[in-house]
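Report on one structure; see the data block that follows.
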Amino acid sequence: MPSYEILRLIWWVLLGVLLTGFAVLDGFDFGAMALMPFIGKNDEERRVIINTVAPVWEGNQVWLVLGGGAVFAAWPYIYAVAFSGFYLAMFVVLCALILRPVAFKFRSKMPNARWRGFWDWCLFVSGVVPPVIFGVAVGNALQGVPFTLDDTMRMTYEGSFWELLNPFALLAGAVSLAMIVTQGAAWLGMKTDGEIQARAQKAGAVFSIVTLALFTLAGVWVAQGIDGYRITSAIDPNGPSNPMLKEVVRGQGAWLGNYAKFPASMLVPALALLGGAFVWSGLAFKRSMLAFIGNSLTIVGIIGTAGVSMFPFILPSSLNLKAGLTVWDASSSQTTLMIMAVVTVVLMPIVLAYTGWVYRVLRGKVTKAYIREQSRGVY
């Protein structure tokens, strides 16, 4: 059996993979719906946009379920703090996720323009709210979350929903939304043609610049205006899952420590900038697939930057510094992590193979002519 340290690192990486997979795949669903009321100028064009994601959005959302399940099983302390402290925020996300399938199903039930317009804006809300809230959650994690643990490991959260909406967290939410909208624009560039494709490509060009600009601003803010966290005591990577056994200090620039200690980690934020270059190259040469791959790299770079900057912290505490949850003291048992790793090794290739097969079968563009021909069989 691999050591406890290795298993913890594996599940830290896998958590990042699951979150990135959700952002890349379900991200274009959200982004396309966020753009739909503006890129689609009439009902037929909006139906084209909706039907680019209609066959795949449910499968894409499985990545969110897998991520939540992984947190619950591999990182129980993280699950307890995040889903308790961010309860109202999670409830808002859940409402938005519930609204999406309802809007897909009910929109086409009546041909009335006002009826369809109402559900179009519901789809817009369901596309905007989740990425913003997820970004806000990451922004709060970087600042530290106001919770503590007592001697029996019971958690007490002392924040409120409105305190989550602080300036830096809202900036993080804006970064998240911009990168997701860019992903949606790149997807529509691949899956549509004509005027819709042209509008999507223009939107992608604008939002890719916005994403990189906001990401850079957030990086400067983290370096100059956000206190990071650093462990000052000896810590055993193979030790028990008890966050209260360490000593932590907080200070400006602490989140930059890993980049000085491991210079190669600078490649992670650089990946986000490289992805932006691919997005622009793809749009300039009318290669929407290149733009989609480029923005996917940007997403990997942005999410990876947050993870690398905070490592080994996953959810630091601003209320009781030593209660902060890290890779080394917030995981499940070694046996649990091992069983989950074996299951993942067996099932993940099947999931990836099936996902690839689905996208291969559903390849090709959705056109206005297709919507007219299949009017009764599509949304």
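No hydrogens, no waters, no symmetry mates; every other heavy atom, side chains included, goes into these values.
- Between Ser331 and Ser241, the shortest heavy-atom contact is O-OG, 2.7 Å.
- Here the straight-line distance linking atom CD1 of Ile196 with atom CD of Glu45 works out to 4.5 Å at 0.5 Å rounding.
- We find the CG-CZ distance between Leu66 and Phe22 to be 11.0 Å, quoted to the nearest 0.5 Å.
- Between Leu188 and Phe28, every side-chain heavy-atom pair lies at or beyond the 4.5 Å cut-off.
- When the ring-ring contact (aromatic ring centres under 6.0 Å, His included) test is applied to Phe104, the partners found at least two apart in sequence or on another chain are Trp57, Tyr379.
- Aromatic pair Phe72/Phe83: centroids not less than 6.0 angstrom apart.
- Taking the centre and axis of the six-membered ring of Tyr4, the NZ or CZ atom of Arg8 falls inside the cone set by 45° and 6.0 Å.
- One hydrophobic cluster holds both Leu352 and Val361 under the rule that ILVMFWY side chains link at heavy-atom gaps under 4.5 Å.
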**Prompt:** Can Trp255 and Tyr229 be said to form a side-chain contact (heavy atoms from CB on, under 4.5 Å), step by step?
**Reply:** CA-CA 7 Å; Trp255 286 144; Tyr229 296 78; 3.5 Å; yes
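- Using a 4.5 Å cut-off on side-chain heavy atoms (C-beta onward), Pro37 and Phe124 make contact.
- Residues meeting the side chain to side chain contact (heavy atoms under 4.5 Å, CB included) test with Ala70, sequence neighbours left out: Trp11, Leu18.
- A 6.0 Å sphere centred on CE of Met266 holds no more than 12 heavy atoms belonging to other residues, nucleotides or ligands.
- At most 12 heavy atoms of other shown residues, nucleotides or ligands fall within 6.0 angstrom of atom CZ in Phe207.
- With values rounded to the nearest 0.5 angstrom, Ser318 atom OG is found 9.5 Å from Glu158 atom CD.
- Within the structure, side chain to side chain donor-acceptor pair (under 3.5 Å) contacts touching residues 264-284 (residues at least two apart or in different chains) are Ser208-Trp280.
- Sorted by first and then second residue, the pairs that involve residues 245-256 and meet salt bridge (charged side-chain N to carboxylate O under 4.0 Å, His left out), not counting sequence neighbours, are Lys246-Asp329, Glu247-Lys322.
- Using cut-offs of 30° and 60° for the angle between ring planes, the Phe38 and Trp121 rings count as perpendicular.
- Taking SG from Cys122 and CG from Leu99, the interatomic distance works out to 4.5 Å, rounded to the nearest 0.5 Å.
- With a 6.0 Å radius and a threshold of 12 heavy atoms from other residues, nucleotides or ligands, Met244 has its CE atom above the threshold.
- Side-chain atoms of Glu5 never come within 3.5 Å of backbone atoms of Asn238 as a donor-acceptor pair (strictly under, hydrogens ignored).
- Not counting sequence neighbours, the partners of Leu347 by the side chain to side chain contact (heavy atoms under 4.5 Å, CB included) test are Val343, Ile350.
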Contacts under 3.5 angstrom, residues 134-145 side chains, donor-acceptor by atom type, not counting sequence neighbours:
from, atom 1, to, atom 2, distance (Å)
Asn140, OD1, Asn166, ND2, 3.0
Asn140, ND2, Val136, O, 2.8
Asn140, ND2, Leu164, O, 2.9
Gln143, NE2, Gly139, O, 3.1
Gln143, NE2, Asn166, OD1, 2.8

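- To the nearest 0.5 Å, the span separating OG1 on Thr326 from CD1 on Ile235 amounts to 4.5 Å.
- Residues Ile49 and Leu35 fail the side-chain proximity criterion, which asks for heavy atoms closer than 4.5 Å.
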Output a table of donor-acceptor pairs, distance under 3.5 Å, between side-chain atoms of residues 305-312 and any protein atom two or more places apart or on a different chain; print 'none' if there are none.
from, atom 1, to, atom 2, distance (Å)
Thr305, OG1, Gly301, O, 2.6
Ser309, OG, Tyr259, OH, 2.7
Ser309, OG, Thr305, O, 2.7

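- The distance between the ring centers of Trp221 and Phe215 does not fall below 6.0 angstrom.
- Every pair passing side chain to side chain donor-acceptor pair (under 3.5 Å) that includes a residue from residues 351-362 is listed here, sequence neighbours excluded: Asn60-Tyr359.
- No single ILVMFWY cluster, assembled from side-chain heavy atoms under 4.5 Å apart, contains both Leu297 and Trp187.
- Under the 3.5 Å distance criterion, the side-chain polar atoms of Ser332 are matched with a main-chain donor or acceptor of Ala73.
- Side-chain N or O atoms of Thr211 include one that pairs as donor or acceptor with a backbone N or O of Ala178 at under 3.5 Å.
- In this structure, CG on Leu321 lies 11.5 Å from CD1 on Ile231, to the nearest 0.5 angstrom.
- Side-chain contact between Trp75 and Leu315 is absent, with no heavy atoms from C-beta onward closer than 4.5 Å.
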**Item:** Audit row: Asp120, Arg107, side-chain contact (heavy atoms from CB on, under 4.5 Å) steps and yes/no
**Value:** CA-CA 7 Å; Asp120 287 342; Arg107 183 189 187 278; 2.4 Å; yes
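- Side-chain atoms of Trp119 never come within 3.5 Å of backbone atoms of Ser108 as a donor-acceptor pair (strictly under, hydrogens ignored).
- Partners of Lys365 under the side chain to side chain contact (heavy atoms under 4.5 Å, CB included) rule, at least two apart in sequence or in another chain, are Asp193, Gln197, Thr367.
- You'll find the side chain of Phe313 stays beyond 4.5 Å of the side chain of Arg230, heavy atoms only.
- For the pair Leu15 and Val71, the minimum side-chain heavy-atom distance is below 4.5 Å.
- When the side chain to side chain contact (heavy atoms under 4.5 Å, CB included) test is applied to Arg154, the partners found at least two apart in sequence or on another chain are Asp150, Thr152.
- Looking at residues two or more places apart in sequence or on another chain, you find a side-chain hydrogen bond (donor to acceptor under 3.5 Å, both in side chains) between Glu195 and Arg199.
- The ring-ring contact (aromatic ring centres under 6.0 Å, His included) check on Tyr370 picks up nothing, with sequence neighbours excluded.
- Applying the 6.0 Å contact sphere to CZ of Arg116 captures more than 12 heavy atoms from other residues, nucleotides or ligands.
- A continuous path of hydrophobic side-chain contacts links Met348 to Leu337 [ILVMFWY only; heavy atoms under 4.5 Å].
- Formation of a donor-acceptor pair under 3.5 Å by the Ser176 side chain with backbone atoms of Gly173 is not found in this model.
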**Evaluation steps, side-chain contact (heavy atoms from CB on, under 4.5 Å), between Thr298 and Thr182** = CA-CA 10 Å; Thr298 296; Thr182 306; over 6 Å; no
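- With Gln183 contributing its side chain and Asp29 its backbone, the two residues share no donor-acceptor pair below 3.5 Å.
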**Request:** Begin from the C-alpha positions of Leu245 and Asp236 and carry the test side-chain contact (heavy atoms from CB on, under 4.5 Å) through to its verdict.
**Result:** CA-CA 10 Å; Leu245 299 179; Asp236 182 7; over 6 Å; no
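- Contact annotation: the side chain of Leu64 approaches that of Leu97 to within less than 4.5 Å [non-hydrogen atoms, C-beta and beyond].
- Neither Met340 nor Val65 shares a network with the other; the hydrophobic side chains, linked directly or stepwise wherever heavy atoms of I, L, V, M, F, W or Y lie under 4.5 Å apart, form separate groups for each.
- No side-chain heavy atom of Phe30 sits less than 4.5 Å from a side-chain heavy atom of Leu177.
- When the side chains of ILVMFWY residues are joined at heavy-atom separations under 4.5 Å, either directly or via intervening members, Val345 and Val351 end up in two distinct hydrophobic clusters.
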